[in-house]
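All remarks here apply to the structure that follows.
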Amino acid sequence: MPRRKPSARKLSGSEDFDGLKRATASLPADWYHDPAHYRAELEAVFYRNWLYVCHHSELAGARRFRRFDVGTQSLLLVRGDDGALRAFHNTCRHRGAELCAEAGGRFARKLITCPYHQWSYALDGRLLATTSHAEAPDFDKADYSLLDVPLEVWRGGIFVSLCAEPPDFSQGLVRGSDRIEHWPMTELVVGRRWRKTLRCNWKVFWENFNECLHCPNVHPELVELVPIYGRRISYFRDDPGWAEHADDPDPRYRGGLRAGAETWSDSGRLAGEAFAGLTPEEIARGQSYFVSLPSVFIAAHADYMRSVRVLPLGPEQTELEVEWLFAPATLARDDVDLDDVIGFGERVLLQDAAASELNQRGLHARGFAHGVLMPEEYHVKAFHDWLRNQLEDSS
Ligand code: FES
Ligand SMILES: [Fe+2]
């Protein structure tokens, strides 16, 4: 008879490791599909925090624009002829028609023209002309500029907020801004963009991102590249027995990439050169993460970066939009195989997408009130705590 794996040990309360020491209830199951709760989260979370739109290289050059939709809201981001980047509600001030139906591109003229009755606006949002034969004496065009929206560019990442008084920008930067500060994110350009709609609630995808208990079964290629993930953890102190291996250089215990690998790619080889400003420790680490809830995480590797934007489309639908960011010099080379890098990342994302959809399908069970978090799921708990605070603050 095959021997059964011994059951997991019991923790004592005082152990020196990062994990949770108490069984902690996960979120109420209906928060993952109830339409009323979904609307409450749009208000409390997505209409209040800074949201990632795209890398600024996507809007390089005057008159370039991009549409950005979240929940019931639609924004238009435009680079003016003065070089400034602005964000407006995608709504005409006349009677409220949608201004722009296209996802992005470049305006042929220095104007934004409403497709309904052709009011025209300057790229800085000023109303320039109506199409009426006359205007009433108390009508002043200056009162009808496009409704603007706060916008910030952080290390080349464009963020907007739907809140008239948005929180301090750094509040949304939940973790890791210091981890990626040596990466030249501002100078990079988008080498590939990828979009996918997932049949799951947005929180399910974030929860999956925040733990590695799923890694060996879901990501066979990734656990070969990052051996510690094969132990269902992402950091050595996630194991209560970590001290027994404190001096072991094996990446299964220490973290980092498998011997011979330099980046996240099918071959383990770099696409071009490693970024010049990184420390040997940052290169050896293999991956460094920056997370800005609720909308983006950015993975930084020795030779490229990858942003993963997470936006809800409905209670049980989530859109991922991924950018692979490379040095312009890398994209100019003809001896670099971008598919080596992109194919690897795409496979991992599709694996996570399938796992997230699997999770969502089980969440409707009558009688399943909520799940339970295990010690390794401490980042999931932090995400839940953050969400509960957001909901409380807005009620
Ligand atoms: S609604 Fe835009 S011009 Fe009338
Ligand atoms: Fe995963």
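If you're wondering where the values come from, they're calculated on a predicted model, not measured in any experiment.
Within a 6.0 Å radius of CG in Asp247, no more than 12 heavy atoms belonging to other residues, nucleotides or ligands are found. Atom CZ of Arg106 has more than 12 neighbouring heavy atoms from other residues, nucleotides or ligands inside a 6.0 Å radius.
Taken from CG in Leu320 to SG in Cys200, the straight-line distance is 7.5 Å, to the nearest 0.5 Å. Within the model, atoms NE2 of His33 and NE2 of His364 stand 4.5 Å from one another, a figure rounded to the nearest 0.5 Å. With rounding to the nearest 0.5 Å, the separation of CD1 in Ile283 from NE2 in His301 is 13.5 Å. If you take CZ on Phe383 and CD on Glu211, they are separated by 12.5 Å, rounding to the nearest 0.5 Å. Atoms SG and CD, from Cys114 and Glu98 in turn, are 9.5 Å apart once rounded to the nearest 0.5 Å.
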Worked check of side-chain contact (heavy atoms from CB on, under 4.5 Å) between His219 and Val226: CA-CA 10 Å; His219 302 303; Val226 187; over 6 Å; no
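A salt bridge is absent between Glu346 and Arg192: the closest approach of a Lys/Arg side-chain nitrogen to an acidic carboxylate oxygen does not fall below 4.0 angstrom. A salt bridge links Asp81 and Arg63; the closest N-O separation between the charged side-chain nitrogens and carboxylate oxygens is under 4.0 Å. Contact check on Arg269 versus Asp337 returns no salt bridge, with no Lys/Arg side-chain nitrogen under 4.0 Å from an Asp/Glu carboxylate oxygen. Note on Glu281 versus Arg285: salt bridge recorded, some NZ/NE/NH1/NH2 to OD/OE distance being below 4.0 Å.
Among residues two or more places apart in sequence or in another chain, the side-chain contact (heavy atoms from CB on, under 4.5 Å) test is passed with Glu273 by Arg333. Taking Arg309 as the reference, Glu319, Glu321 meet the salt bridge (Lys or Arg N to Asp or Glu O under 4.0 Å) condition, with sequence neighbours excluded. Applying the salt bridge (Lys or Arg N to Asp or Glu O under 4.0 Å) rule to Asp239 yields the partners Arg231; only residues at least two apart in sequence or on another chain are considered. Residues meeting the ring pair (Phe, Tyr, Trp, His ring centres under 6.0 Å) test with His89, sequence neighbours left out: none. Contacts of Pro240 classified as side-chain contact (heavy atoms from CB on, under 4.5 Å), with partners at least two apart in sequence or in another chain: Arg9, Leu11, Glu15, Phe17.
For the ring pair (Phe, Tyr, Trp, His ring centres under 6.0 Å) with Trp154, the qualifying choice from Tyr52, Trp50, Phe290 is Phe290, the only one to do so. Remark: of the listed residues His384, His37, His370, His37 is the sole one forming a ring pair (Phe, Tyr, Trp, His ring centres under 6.0 Å) with Trp31.
In summary, the aromatic rings of Tyr289 and Phe209 are positioned with their centroids under 6.0 Å apart.
The aromatic rings of Tyr253 and His245 sit parallel, their planes meeting at an angle under 30°, below the 60° perpendicular limit. Between Phe107 and Phe65, the two ring planes are parallel [angle under 30°; tilted spans 30° to 60°].
Glu58 places no side-chain N or O within donor-acceptor distance of the main-chain N or O of Arg64, the cut-off being under 3.5 Å. The backbone N or O of Glu376 lies less than 3.5 Å from no partner atom in the side chain of Asp238, so there is not a single donor-acceptor pair.
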Could you go through residues 138-150 and list every donor-acceptor pair under 3.5 Å that involves a side-chain atom there, pairing it with any protein atom two or more places apart or in another chain?
from   : atom 1 : to     : atom 2 : distance (Å)
Asp140 : OD1    : Ala142 : N      : 3.0
Lys141 : NZ     : Glu135 : OE1    : 3.4

